[in-house]
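See structure below.
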Protein chains: 2
Amino acid sequence: MLSTLAAHIRRFVTLSDEEEQILAEYIEIRDVKKKDFLLKEGQVCQGNYFVIKGLCRAYFETERDGDQTSHFAIETWWITDYISLESHKPSGFNIQAVENTTYAVLYRDTQDKLFAAVPQLERYFRIILQRTVAAAHMRVKYLFTKSAEERIDHFTALFPEFVQRVPQYMMASYLGFSPEFFSKIRARKKA
Amino acid sequence: MLSTLAAHIRRFVTLSDEEEQILAEYIEIRDVKKKDFLLKEGQVCQGNYFVIKGLCRAYFETERDGDQTSHFAIETWWITDYISLESHKPSGFNIQAVENTTYAVLYRDTQDKLFAAVPQLERYFRIILQRTVAAAHMRVKYLFTKSAEERIDHFTALFPEFVQRVPQYMMASYLGFSPEFFSKIRARKKA
DNA sequence: GACATTTCTTGAACCAGTTCAAGATTTTGA
DNA sequence: TCAAAATCTTGAACTGGTTCAAGAAATGTC
């Protein structure tokens, strides 16, 4: 189970077998069922979650309409609330399993000790975060310049797996429009 | 000039005077006039820019309307196109000085050598990037849940300096609405 | 294999914000 | 100091999307 994470790390930095052992001591592997929570709004976020198998989403409640899906994670993606992690304040997000999920937790309060023991993990996370920022900028670019329909097409081309694994109303929310409108776009396309 | 950057780094990690000297060898300080470009669309982004004095913005051209401002940087903020930096592909963004600006460049191709010489910079950038991701998530949260007027109020409260230093049409673009609508909101508020 | 729950669709009325166009105001540079 | 350039304002017509409500289809469960 841990091997998935170790393999992912080795795609970016070198990691000896001994270092993998050290990592194992700092990581906890957990299982959750569909709809269970990794993090609940109001809790202070305690760590960073690496999806080994399954699919999770971060979302928050809005006043008017229902939930707003903020982001997703599938196999080999990290997901957390960096705002809460950073500020040590209660999170405004829920992180929930969309499918039955196996994931690894890296706890915030032991993270620095781990990084001291295996310094190239600092580099690994720098690289991961750099990609996360790039993805976030891409997303804003698309939100600002493309119509709802173009956003669907683009996202479907880029991550076809998601569109099959995630209910349509979550996709709609993530892409920034209502589930009803998603339906209408699909109807329009068939014609 | 470099001292501004060194001071910023020391807010997050320790940095000896010798290490500051090493850093100096890898950093270049530059001046640009208002409206000059740090990066132009079509170029491969060569580095990461740290604003010492002044104000810059990243934007891209859109088909229909004019520019779309993607993000800003004032004193002690880093700005770059991580998408291009990461992929080594031509950038889709322009990074431009909004005021006369002094900035430091950290070049991509020597960055790893610098990190090898001063390992805690890896940590410094991990922390900076973590905050950048947090900010990006915050921004999407506001874009999705707040009205144009609420976004103005929130941003003004959070970064009052910006609203004074940046033309209104750039703010409007950054916050995700038209400059005309910004005007109308202001008129509405006075009443 | 049928009942409950979750997800998806459709239509009608509506609205937050856009677009276009023209003028007013402010800032800039020689 | 004054003309040119940049920025901001206002109004009228419009549109991409929302909201509400109700039913249809799919999925999960014992």
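From A/T102, atom OG1 reaches atom CE of A/M1 across 6.0 Å, with rounding to the nearest 0.5 Å.
The side-chain heavy atoms of B/R139 and B/Y174, taken from C-beta on, include a pair separated by under 4.5 Å.
Between B/K35 atom NZ and C/dG29 atom P the separation is 8 Å, expressed in whole Å. Rounded to an integer number of Å, the gap from B/K34 NZ to C/dG29 P is 7 Å. In this structure, A/R165 places its CZ atom 16 Å from P of C/dT7, rounding to the nearest Å. Here the P atom of nucleotide C/dT10 and the CD1 atom of A/I185 are 13 Å apart, to the nearest Å. When the P atom of D/dT7 is taken as reference, atom CZ of B/F182 falls 14 Å away, rounded to whole Å. Taking atom CZ of residue B/F177 and atom P of nucleotide D/dT15, one finds them 23 Å apart after rounding to whole Å. Taking atom CD on B/E149 and atom P on C/dC15, their separation rounds to 17 Å, with Å as the unit. Atom CD of A/E180 is separated from atom C1' of D/dT19 by 7 Å (rounded to the nearest Å).
Between the side chain of A/K184 and the base of D/dT19, a donor-acceptor pair under 3.5 Å is found.
Distances were taken from every side-chain heavy atom of A/F181 (C-beta onward) to each of D/dG17, C/dT7, C/dG17; the shortest belongs to D/dG17. When distances are taken from the side chain of B/Y169 to each of C/dT10, D/dC8, C/dC8, the shortest belongs to D/dC8.
Annotation: cation-pi geometry not satisfied between A/R165 and A/F162 (NZ/CZ under 6.0 angstrom from ring centroid, within 45° of ring axis). Cation-pi geometry between A/K141 and B/F60 is met: the NZ or CZ atom falls under 6.0 Å from the ring centre, inside 45° of the normal.
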